[in-house]
Structure formats: C-alpha cells, structure tokens
Amino acid sequence: MPEIRVTPLGAGQDVGRSCILVSIGGKNVMLDCGMHMGFSDDRRFPDFSYITRNGRLTDFLDCVIISHFHLDHCGALPYFSEMVGYDGPIYMTQPTQAICPILLEDYRKIAVDKKGEANFFTSQMIKDCMKKVVAVHLHQTVQVDDELEIKAYYAGHVLGAAMFQIKVGSESVVYTGDYNMTPDRHLGAAWIDKCRPNLLITESTYATTIRDSKRCRERDFLKKVHETVERGGKVLIPVFALGRAQELCILLETFWERMDLKAPIYFSTGLTEKANHYYKLFIPWTNQKIRKTFVQRNMFEFKHIKAFDRAFADSPGPMVIMPGYCVQGTVGHKILSGQRKLEMEGRQVVITPTLPPPALSHACCDTAAGVMQVEYMSFSAHADARASCSCGQAEPENVLLVHGEAKKMSFLKQKIEQNSVGKPRRGRACEGGFSRACADRARHLAEALSTPPRGQLLYAANGETVTLSTSPSIPVGISLGLLKREMAQGMWAGHAGWGGAAAGQVAPQTAPAPAPAPASQGYSRMPRSPGSCRHPIMKDSNFRLVSSEQALKELGLAEHQLRFTCRVHLHDTRKEQETALRVYSHLKSVLKDHCVQHLPDGSVTVESILIQAAAHSEDPSTKVLLVSWTYQDEELGSYLTSLLKKGLPQAS
Amino acid sequence: TPSLIMDPECSRLLPALCAVLVDPRQPVADDTCLEKLLDWFKTVTEAGMGEGVTVDFPQRPDRPSLLLLQENPCLVELLFRVLKAHDPRPRVLSFSLRLAGLFAAQEDCFQYLQVSLSRAVDTIFSLQGDSSLFVASAAGQLLVHILALAMRGPAEGHPSPQGCDWPACAQKIVCHVEDSLRSTATPQVTQALNVLTTTFGHCHSPWTQGLWVRLSPLVACLLEKDPIPASHSLVDLLLSVARSPVGSSDCGLWETLAQTLSHLSPTQAGPLALGILKLQDCPQALKTQAFGVLLQPLACVLKAAAQAPGPPGFPEGATGDSITVDTFLSSKSACVGLLCQALAHLELLQLLPQRPSPWPQAPLLRAAVAILRFCHGSAAPTSDVGGHLCAVLAGCVRVQRAALDFLGTLSQGTGPQELVTQVFAVLLEYLTSPDSSPMVLKKAFQATLRWLLGSPKAPSCCDLDPHTQLFLGELLPVLRKRLCSPCWEARDSGLEFLTQVTRHWGGQAAFRHALLASEVPELTGQLLRDPESYVRASAVTATGQLSSWGLYATPTGPEHPEVQQESLFTELLHILSTDSEGFPRRAVMHVFTQWLKDGHADVAEDLEQFVARVLQAASQDLDWEVRAQGLELALVFLEQLLGQPGSRCPYAVALPEAAPPATLAQVLQALCRVQLFEFALRALFDCDRPVAQKSCDLLLFLKAKATPCGGPQEAGASPDVVSVEAALQRWQAGEQGQPLGELEPEAVMAVLRSMDLEGLRGMLAKSSDHMEKSPQSLLQDMLATVGVLGENEADCY
C-alpha cells in the first residue's frame, strides 16, 4: 500500500524547533527548520542525523518549505543549508523571504554577542542560505519537479505566514504552520480551499486555552498600561515574537490617538524597526482595514512611537507585561512560573504578580531591593483550541497534531474526537466540577468544528513516525471505442461513479503515481482486477487501458495461442471434400448467429474453430473430423464437438 | 560550568522532581529541562570517570556517580518505576533510559544498578521497537552499555564464541540479537543490526571477536534474501566491523564485503563502496571492486555520450554494466538519485589521501562535462541510453548542482588541454545561459574560480597562460551581463566571484588589462547603490579589493589616481554613515581595516585623518559588529604605532618590551588627536558584550605598552582626570551624554592605571545567561512549572 509518513523532528510535544519530515509519493519534504531557544549547543537545532543514516541530505530531500519567519520555524535554516550542507531549494513567501534574514541576524547576534558563542553560523552563511530560497506567491502552484507540487495559502499569524499544500499525483498533505483563524489588527484570517488532503498537519501550541475575546484582552492591556503611565510609571513590554510587536504598536498608537495621550512610546531600535520597514512594504498581505487605510496613510508609520533610548530604563514604578511564552532558563520563565524573588544584574528584585498596593508602586529598581509588577497576558498569534478545530475548512481525510505539549495535544485530540462523534452534551463538560462558563466555551468549540476529519485523528511526539496508508487515484487513459465496447459487454455495470470523460480513481497494487494522461483521452474508474481484454500500459509516465490486441501491437509481441483439438469419427463413405461441405451446411443451419465459413482449402471455420475432414487410414467408410479451437472459444468449441459427435443429418 | 557537587538544596529538590516524573498525572516541563537535567548528570558522572580510570581503580574512594546513586535512592526508584510502568510517557521514558545509560557506563554504578537493569532487559528489548525514534535509539544504546559492561571482568579474555562462559545477562542479549537476525520482520533485523553496529563501533575488547564469529553466519544469511532486508543498517554494520580490530583479523569479512557489494543495487552499494575505500587496510581487489561500483554510473554516462569509440575510459570493472543502465532507465528519480550519489561520493573520495591511484582524472572530467551537457541540452547523443539521459536530465537542477561541485573539485588535478578547454566551454555555457537557476549560477561561478586559479601559469613571464587569457576575454562580458541581472542572487554571486579573482590575480598584467578593458569596474561602482543590501555589501568588498590593486576606475579616469581614491574613500565613508542596513556598513569597515593593514597609498597619505574619520563614523553606528570592527581597526592602528602585542619571533629584530618614552608620548598624542581613547572608553561600557570585550583587550594592550617605562605620570587628580572619570561613570550608567572633547594623554593614562580592566575582562567573559544556569535553578524551575501548568488549566477549564 502506498503511504504518507510524517516524523516531527523538533515540533510535537515541545515548543520550538519545528521541523517535520514528510514522505509522500516517494518524495521527501522538510516542513520548517526551526530552532529551540532553550539550548545553546547543537540541540537548539533539530537532530538531522535521524533523517538519513548514511546518505547526504541534499540527495534525500526534494525541498524544504518554511511556513513563516519566526525563528522556531526557520532559525536552523542557515545551519541546515550551510553547515549540514543542504543544497536544494527552500520555498517561502516573499514577506518571509524579506524578514527571515533580519531575524536570523538577530538570532546570531544573541548567540554570538550576548552568549559569546563561537562556531555559530555567520552572516555570510545567512546570505548563502537566502540565495537558495525560492519565493512563492499565494495560490500559485509551484512545480518543484515533474511530480511534486506545492501551493501556499494565507495563514494570518504573522506577515507572510502561509499554509502549504504538498501534492504528489493525487496524494496530498496540508501543513498549516502557525495560523490564526480570527483577523487581528493588522492581519486577516487564515483561508484555505476545500483541497481535501489525505492528511492535515496542524499545530496545537495553545490548544487548551480558549482565550478571552480579543476585545477584552486588548481593553485589559490598554487599561493596565494607561493606569501605570498615569501614575507616572513606565511599562516595559518585552515582545517575544515579531509580528506581535507590530500588533501592539497599532493598538497603542490608536489608543494614544483616541485618548490624546502625550506620554512617549518607545520602540526598541533594531529588529522590530527593520521589520517594520517590510511591514510597510507588504501591505497587500495585511488585512482589509489596513489596506483601505493605506490610501490615506500607512498604518505602520507611527506618530507616537519613537526609537528607544537606554537612558530611560531605570525610573520609578516599572511594570512588565509578558506577552507570551518564555523558555526555561530565562528570567521571563522564572517570573511566569511564579517565582517571587529574582536576582538581576546583582540586584534583588521582588515580583508582585498582581496590581500592587499604591505604596509599592513607588518603589524603584535602583534600590537594593527593587519591586516589579508583572502581568501575564496572552497576545499570541497561535491558533487557540477553537481555531484549531476549524481547520476542517480544507476537509482533510485525516488530521495530525504537532507542536505543543503532549498533554495539551491529547486534550485537543479529545475535543476534536468528541465533535466528530457528535456535539458534547452541555452537562458533560460540567461534570468535572467546571463552571458554567467553561461548559459554554466547550460548546462553542464544538460548534466551531464544522467539518471533523473523515478518517483518523493522530498525534505525533518528537521522533515518532506516523504512517498513513493511502489509496492514490491514478488517472488512466482509455480510448472511447474501447470504453463503449466494454460498456456494451456490461463489464463495468454496477461500478459506481464512472462517466464518459470524468476523472476517476484506481487502486493498483504497486503502480507509481504518474503525471495526468493527455486530456484528449477519456478516463474511467477501473475495477481492481481488470477484465481479460483490458491491459494497463505504462508508457512515458502515462497509464492507459488498451485492448489486448493493441497492447500486443504496442509492445511488439506475438500472442501465444493455446488451441484445443479433438477428433470426431463420422460414418461417411463420401469423399473428404463432400463431408466437409455437409458439415458446413449443417453448421450453417444450426449456428445462425455465428460466422460459418467454408474455405477454399476445404476446411470449415466457425469463429476461431477450425474443422478439417480426413479419410480414416484403415477404414475408408469412416471420415475423421479434426476440430481445433482456441482457449477463448472453449465454450463454442465444446458445443460444436458435441454437436458433431451426434452425426450429420442425412442429405435430403 | 554546572556545579559538579550535589549540594544539599539539589538533594532536597530531587526526590520531589522524581516523584513528578513517575506520576503520570503530573505534567512534565518541556523536553529542554529534561535534556538539561541529563547534561548535569552527565557532568557529574564524567567527573567521576576521570578519563576512564574508574575501571582500573574500582576501589577509588571518590566516586561521585556511585555516591550520587547511593545518596539519592529516588534516582534508582525512578529508573525502576519508569521501566516497569505500563504506559510511560515517551519523554520520561527516553530520559530514564538515557540516565540509566549514563550510570551504566561506569562499572561501579553498573554493579549497583545491575539487579534492576538485568530484570529490565526484557523491557528494554521491547522498547527497541518503540514508536519514538529517540526512545528506540536510547534503548539500543543502553543494551550496548549493558552488554559491554557484562562482558568485562570474567569474560574479558578470549571467551569462546559459543558463549558458554559468558555472563547470563550478555548471553540473554546476544540470544535476543540472534533471534532478531533470524526474524522475517525487517524492523527486528534493523534493531539487531543497529545494536551490533554500535557494539563494534565502541567496544574493541577481544570478546567482540568471539561475538562476530558467532554472528557472522547469520549476517551472511541476510545477503541471500531477496530483497536484502535493512540494507542500510547492514552496510553500517559491515563497515563498523571492518573498522574495528575484528576486521583486520578476519579474512571472511572481506569476502562478505565483496559479496555484499555485488548483491546490493547500485544505489545501495554506493555508501558501502565509499566506506570500503576509506578503510586503511583492505585487500586491493576489494578496493578495485568498490571503486568500480562508484565509477559505474559515470561509465554509463560516458558510454551513452560517446559519438564514436573514444579515448580510453575507466579502469576495468567500470564499464557501465547492465544493472546500472537498468537503474538509469527505470525512472527519472532513480537515475537522478544514482548520478547525484555517485558524483557526491567521488567528490568526497577525491579529497582523501587514500583515494585510488592512479586516479582516472581524464575520464572523470569527460563524464562531468558530458553530464553537464546532458543537463543543459547541448549534447547530441547517438545511443538509446544517451537519448534517455538527455530527456531525463534536461534542466535537472539537482544534477547540475552536484556535477558543478564535482567539476570544481576536479580542478585540483590537471587534464589534457583539449579537455580543459571543454571544461571552460561548458562552464561558460552555464554562466551565459538564462536557464541557469541562481544556485546553479553560483556553483558555476565557484567552479570557474577554482579552474581559473588552478590553471597553469605561462612558464616564461609568470603571467596567465594564453588559454586562460582567451577564456577571460569571453568571461568578462558574461560577468558584466550578470552584474546587471534583475536577480540579486546573480549580481551578488558575480561580485563575490570578481572579488575572489581580483584577490588572486590583481597583479597579473593580462588580467588587469582584460578587466580594465571591460566595463566591470564601473558597473561594480554602480552596484554600491544597489537596492539590495547584500549586493551593496558585496559591491563594497569588490570595489575595496579593486582599489587595492589600483583597478577601480571612476569617471575621472586613470590619470589622476589620487582623486579617484579620495572619491572611493568618500563614497565608502558615506555608506558607512548613511546606509540603513548593517551589511554594507560592516563591509566598509572590513575594507578600511584591510586598507590600513596593507598601507593603501591614500590611507597612508593622511593616516590620522583617515583613522579619525572612520572611528567617528563607527562610534555612532547602531550595529555592534560595525563598532567591534572599529575597535579592530583601532587595534591595527595601535599596532602600527607601537608594534605587535605578542611578537616573539626568534629571528626578528628584538623589539623593546615597551616603546621608548619619547615615542610613547607622541603616540599618545596621536591617539588623542584621532579620538581613539574616547571611542575605546565609550565602547568599554557598550551594551553589546563583544564590543566591550574588544575595547577591554585594546586598553589592556595599551596599558601594558605604556606602564613599564613610566611614561608621563603623576597626573594625580588633575581636573582632566576628574572629568574623564565622571564621564566614564555616566557612560557606565548607560547615558551617552556629552563627548569628552580634547583629552590630555596624561589624564587618560592615569584613568587607565586606576581602572580594574582585568576584573572587567573577567566579568565580560561571562555569558549573559550565566546566572540562570545552575542545577538548583533548573530544578526549581521544573518544580515551579508543575504548579503553574496546573493552575493555568484550572483557569481555562
């Protein structure tokens, strides 16, 4: 059975280092090539040695596809292409191509500058890697080679993020990458057509979190920022991901405009600033509102937001808002995991997890014991549980969940499964002692899942290979004449779904997936075991059904004939020729539907059956009829023999 | 480095963590934490091993690994419970297996764990088939550890192959491997082969010989099956055995290898053939056979491309056999795969000292050229196979890349002139062709460069030989065209090529003549304003290189070289001050540093002016690499004034340890004039660590040069010193503030002497995340995560 194999090398049960290997129709594709921020040795990159034990990666992989510019999806790319040595094509959208090197440079800076690592990829390597990139447009079918094609769809999430369909013959996989089903302030919602892939690979990072409505979240955020600023405090917002920075900037800029606030907003120079340049450039990739506003002004030209100056770092009442995930080993991780005291640059800092009493808000970090107020707010652009379920848009046959921790994945799996069986009962979600609001969320989730997968719901841990058997449909050409003949013989009767020139499906045991046959020929659905007079022929990668005669002719072969023979003794004193003539007349009268011929050499034929009369060597009054027929005419041959054995009618 | 001692705090936290790990209801922090935990245990156990002495001195009192196990029974408990659990979580299982492996690698710990491990061997067998690659691989590794340690001691000598004197545990593992090798299920065979590969790779004790004697008949049986199961793993095993001491003593092995080579398909046999050719000692006949396997595909190509019976081809045994031809004809991907593999293997082989000799350079060249022509559609094949190759390879980027790389590597050898001409012709075809993809074009440029630089010089005048000159005449117009390409990759690859050629041939009259006659230098100048920053950076490097050789022409013409240089310097300085992207600015700094090192004529003209202007521009740059490069340039300047920091060449004229006072005073004056001090002192508190480090090194160098000879001292607490110190404090606090203005050398030196630069260097050497790296911090984080994850979930649902 042909199969699709998927091995997450870095994603799956782990945040970061997304890298998924897909084998489909004999082609090997790597989806994303991310890094893990939690390590500072080679483990920050996926373990590529698992891909191929003793072959070169370049020979093994047909292409690499990058879904978007975040480092957990592209951070290992220069290492992979320049240090491991992958020479093949790397596909990504144009905005990703533009912003990716900026992030890679920044990553290099953190590794080399901040952590002092040697043996890291160089700027030259980043450039050489980017030279291998082939940019793709949305909805453009890109032919990687004769058999492998890919197509990008809008994924929201961040500028240039795309979902990719990977197709070989009639088999296909859709990889969603990170995506967002609800439009935000600068991007639209993900969209994909009903491409009905065999498998949809999707993320589940924020699977269990059905986040508060966006509006609430934003209102909360602005309120907290505003309060702190009003108190004379300062707010530090370390934005984990590029794209979120832009989102928050638009949010703050609009709020400042509306409230006519004067407090300055500073924007860290460097990375985000550089990326902003491209945000201005790739306006067509943003949402409708920004595109409309663009006529009057570019939303990314901020009026209130200025470049950041380090001198403003220390001052009273600082507050930190953590807008997303932090990896172990960072201050952010400690703060988020609830540790209350931290040492930073030799100072003790006390963290207050909620809004502090007024007395504390005046405390300042300059003193030996600084007090800092911390808020966690999710602004992540990952699909949440509700959105993950709506990936049914593509109507996939099977769904595979990757990216995100194991337990959360099993939760999401359970949610989707519940839906595919039927909507969960309202009371059921409450059984565990959950609140009513939670039950309502579960119901929303259930409703969002419009089209559950028809087949299996799978999930893969890191290093775990998921194999999916497929029945690829292979277009087969057949001439109209043969098709009509076959129909007339009723060989195809009762086989559903075939039509004169409609594309159909076959399931041969070992056939490779060929390119589509010429359009001039009709296609038909072929039964599993073809009848005796249709022969599949594979030529120039085209699969055709032809008659056996045609097949023999094209292959330059002569047919092997199997003939049965039989001797029938007749009492007849006349000459052989006359006996033959009598046989002819008799058969002619009996077999009205068959073509009975009397040949010049005296023999008689009925279809393939040959009858010759000869004198008996010992008894002149007995004639011997030599009857021979082919295997195909076995029925008629047997009948004729038994007929002749009964004797000939007396001549009138 | 993580703490090597288990401190009380860690000991207190460890049981709680182990409890979390074995509890299936508790969420586990992400894989990173477990990996880091393993790292820590690894450092602890490795510290105990002390370069393998544990084995020799098992009674050594300081055995931290064993102590760790004994004092923290929760670890053994964890291993035992996870291995016995019905449905352990893969990440915890993988962690536990690897932890067990870490400890089991040491004899004392192994003895301690032996009871648990021996009981768990059956579990480990089944884990070899785990759906997680990581778990399966860890289980295999653990089996090898257990086997190796079980075989130590009583069976260390020359145990009988039958294994009657082997320990029960080893007996059990080997029997399991035997059963697996006999299995009809490929995954089982693969597991057994992988365990053996690791065993022969890591264990070189005499008992492995007995193991091979016992198992080789079973391995040989695999070869008789059709298709051969787990062929990749089989190849790995055979090579692993061949590399081990077992290989050199077993003649049967060479026969098995020869047999395997002939049984495997051409694609499967490739890696084995390469592996055999890499072996140090192996029979010549086997090497010849292996080389034949690698050459087969190229022999087929040569045969297919031949118009008429041509010159002698490959050595006997590589004549393009029917199996290879069949592979070529079977499908496009098989054909492309086999060709790419063969090219890659031969490329690797060519670079090895033990490559076959004589090396068939000429036929290989002909084959590479033929493949490139097939890909390009410029071949006119007469045979059926040739026609097929033409159809399959036309436009195949994958083969083009592999063939160009291979052709480039072949430039290390020579070839008959007629062939070299063909090589250049086909390279020119690729450089010219509009169909060449950016990647192919880049590789074509690289291969061309290698062939050009490898081409022989004319014996008489040390100039380029006539053929090369002729080729240059054709190449430069193509390069010119590529520099105008709409595709940035093409422009960039063209500029990189130009830089490299100029670096090597800038002094060759023929090259200079041809280059100046082309429009290439002018175009390079125009690319300084390219919209793509990568291209601008490459153009900066290229013009810098051209200018170093006096090859950069501007509209002013060659009759006023000084005007030209001034204009390029100004232009580059303008890029340094205004370009919005870091790459061109970094490139400018590299060019300037190189100019300073080389004593570029126009730099030398007004050295101080040059250094002052460059440092001023660099000091304001937002890119840390530009600032770091500024310090690099400052150091070059300093070295030119004061001498190399560590020049201890015994033949060199002995330099005084420090410069004489008079000179030093002049030098310090000069440094003040170019404002090098202000630049360096500011950089000392740069928020980017490498910049601060470089500055610290530079100032330490200066301090060392200036101090011994006394120099201008006793500046005391003059007003100058006070203002410098005040400025330093402001900079340290992160304020940029006002510039220092005019500085007195005495004041600067006084400040330098009073500063603890060594202490600062020590602090800067620490990574920014050093504080979060301790094992306690890790354990705390992991335990903290448990609570938080629970809370969040309750919050959501």
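Lettering follows sequence order; numbering is per chain, from 1. Nothing here was measured: the structure is a model prediction, and the numbers come from that model.
- No donor-acceptor distance shorter than 3.5 angstrom exists from the side chain of A:Asp72 to the backbone of A:Met35, with no hydrogens or angles considered.
- Atom OG1 of residue A:Thr465 and atom CG of residue A:Leu21 lie 8.5 Å apart, to the nearest 0.5 angstrom.
- With a 4.5 Å cut-off on non-hydrogen atoms, A:Thr58 touches chain B through its backbone and its side chain both.
- Between B:Glu496 and B:Arg491 no salt bridge is recorded (no basic side-chain N to carboxylate O distance below 4.0 Å).
- At a 4.5 Å heavy-atom cutoff, A:Leu148 makes no contact with chain B through either its backbone or its side chain.
- For the residue pair B:Ser333 and A:Lys27, no side-chain donor N or O sits within less than 3.5 Å of a side-chain acceptor on the partner.
- Test A:Asp145, A:Asp62, A:Asp59 against B:Arg398 for salt bridge (Lys or Arg N to Asp or Glu O under 4.0 Å) and you get one pass: A:Asp62.
- Of the listed residues (B:Ser493, B:Ala136, B:Cys396, B:Gly337), the greatest number of heavy-atom pairs within a distance under 4.5 Å of chain A belongs to B:Ser493.
- At a 4.5 Å heavy-atom cutoff, the contact between B:Glu625 and chain A is made by side-chain atoms alone.
- Heavy-atom pairs under 4.5 Å with chain B peak, among A:Gly26, A:Pro89, A:Gly88, A:Pro101, at A:Gly88.
- Taking a cutoff of 4.0 Å between a charged side-chain nitrogen and a carboxylate oxygen, B:Glu347 and B:Arg401 do not qualify as a salt bridge.
- Contacts between A:Arg44 and chain B at a heavy-atom distance below 4.5 Å are absent for every atom of the residue.
- With a 4.5 angstrom heavy-atom cutoff, A:Val112 touches chain B via backbone and side-chain atoms both.
- For chain A, the nearby parts of B:Asp492 are the backbone and the side chain; heavy atoms of each come within less than 4.5 Å.
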